[in-house]
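See below for the structure under consideration.
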Amino acid sequence: MQAVSNRKHRIGRSSAGLGLFATKPFRKREYVVTYRGRLLPNAEADRLEARGSRYMFEVNTRWTIDGSKRWNLARYVNHSCRPNAEAVERKGPSIVYVARWRIKPEEEITVDYGKDYFSAFITKSRCRCVKCKERRADQQARRRARAKRAQRKRLKLRREKRAAAKRKR
Ligand SMILES: [Zn+2]
């Protein structure tokens, strides 16, 4: 185990519960953290997952890592649709996360959990990543702008109706 002071990340509060945050900068392609846990044959991992086990990381067509133990710091890495880290397979077999680009201190470390996980557990309307939050804020702003336009149109029509009624009199 590494000494705490040597660690380049810490566990902290994020918009999606707990998350892993950089405490020091990472260069592009730099190693961030290893996905640690016991290695299981995929069939056994499937059985455990069906019974509610989370944190199963399928490495290849044969092996899955059961990363449910708390000492597996990589399990705190949340999903993002615009992630700053990505999973890379290493010999062992094992999985490590590496930086996709420069990560600054205090930035949350995120990876893309993949299509299957996303559609089963997260979904577009509930994803709490920065990108989705921005997308939803944008949609809401557009909805508000549209509502305002519709309101102005209604007021205008009402004014025109009133003016027409006046002319008739
Ligand atoms: Zn998202």
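Indexing begins at 1, ligand by ligand and atom by atom, following the structure's order.
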Check whether more than 12 heavy atoms from other residues, nucleotides or ligands sit under 6.0 Å from atom CZ of Arg100, and answer yes or no. yes

Would you list the pairs meeting salt bridge (charged side-chain N to carboxylate O under 4.0 Å, His left out) in which at least one residue belongs to residues 26-35, sequence neighbours left out? Lys8-Glu30, Arg27-Glu30, Arg29-Glu86

Which salt bridge (charged side-chain N to carboxylate O under 4.0 Å, His left out) pairs, counting each pair once, include a residue from residues 112-122, with sequence neighbours left out? none

I'd like to know whether Val59 forms a side chain to side chain contact (heavy atoms under 4.5 Å, CB included) with Ile65, so could you lay out the CA-CA distance, the side-chain angles of the two residues, the decisive distance to 0.1 Å, and finally the verdict. CA-CA 7 Å; Val59 184; Ile65 297 168; 3.6 Å; yes

I'd like to check the ring-ring contact (aromatic ring centres under 6.0 Å, His included) partners of Phe57; sequence neighbours left out, ordered by chain and number. Tyr35

Sphere of radius 2.8 Å around the Zn ion (ligand 1) - protein N, O or S atoms inside: Cys81 SG, Cys127 SG, Cys129 SG, Cys132 SG

Sort out for me which residue in Thr64, Asn60, Thr61 forms a side-chain hydrogen bond (donor to acceptor under 3.5 Å, both in side chains) with Asn42. Thr64

